[in-house]
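Encoded as structure tokens, the structure appears first; notes follow it.
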Amino acid sequence: MCLAIPMKLIEKKNNAGRVSAGNVMYDVNLALVPEAVIGDYLIIHAGFAIERLDRAEAKKTLDLFREIDEISSGDSDSGPKVSEA
């Protein structure tokens, strides 16, 4: 099963970027979303940013992933969180 996860763009240089969600960071290819700017939330799949999305939609999706993780692990403090930075 493949998941596309919303993550925040924190660094960008040409078509390379660094994204984060909670304490997780990845280097990604931005060739499919060249208009992305630092602070945007992006859908990340297989190392590529494939779509921009607004903060509210990113939070909604991350909250859903957190709920799934909490239910499956029984841990109420795990999962990525959207920070207010």
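It should be emphasised that the depicted structure is a prediction, and the values quoted were computed from it without experimental measurement.
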Practice item. Might you work through the side-chain contact (heavy atoms from CB on, under 4.5 Å) test for Val24 and Ile5, ending with a clear yes or no? Key: CA-CA 11 Å; Val24 177; Ile5 299 174; over 6 Å; no
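- By the 4.5 Å heavy-atom criterion applied to side chains, Phe65 and Pro6 are counted as neighbours.
- To the nearest 0.5 Å, atoms NZ (Lys60) and CG (Leu62) are separated by 12.5 Å.
- Legend: salt bridge (charged side-chain N to carboxylate O under 4.0 Å, His left out) pairs involving residues 22-31, not counting sequence neighbours, sorted by first then second residue: Arg18-Asp27.
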Exercise for review: Decide side-chain contact (heavy atoms from CB on, under 4.5 Å) for Ile50 and Leu42; before the verdict, give the C-alpha distance in whole Å, the side-chain angles of both, and the deciding distance to 0.1 Å.
Suggested key: CA-CA 7 Å; Ile50 59 174; Leu42 306 171; over 6 Å; no
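- Here Ala16 pairs with nothing under the side-chain contact (heavy atoms from CB on, under 4.5 Å) rule; sequence neighbours left out.
- When atom types are taken as modelled, the side chain of Lys8 and the backbone of Gly22 share no donor-acceptor pair closer than 3.5 angstrom.
- Taken to the nearest 0.5 Å, the CD atom of Glu67 stands 12.0 Å off from the OG atom of Ser72.
- Atoms CZ and CG, on Phe48 and Leu32 in that order, are 6.5 Å from each other to the nearest 0.5 Å.
- Here the side chains of Leu9 and Leu30 are in contact, with some heavy-atom distance below 4.5 Å.
- One finds the CD1 atom of Ile43 at 11.0 Å from the NE2 atom of His45 (value rounded to the nearest 0.5 Å).
- Ile10 belongs to a hydrophobic cluster whose other members, connected by ILVMFWY side-chain contacts under 4.5 Å either directly or through intermediates, are Met25.
- Of all the heavy atoms in Ala58 and Leu53, the pair that sits closest is N-CD1, 3.6 Å.
- Test Arg52, Arg55, Lys59 against Tyr41 for side chain to side chain donor-acceptor pair (under 3.5 Å) and you get one pass: Arg55.
- Checked options Val19, Val28, Ile38; the residue passing with Lys12 is Ile38 (criterion: side-chain contact (heavy atoms from CB on, under 4.5 Å)).
- The main-chain N or O of Val37 is found under 3.5 Å from a side-chain atom of Asp40 such that the two form a donor-acceptor pair.
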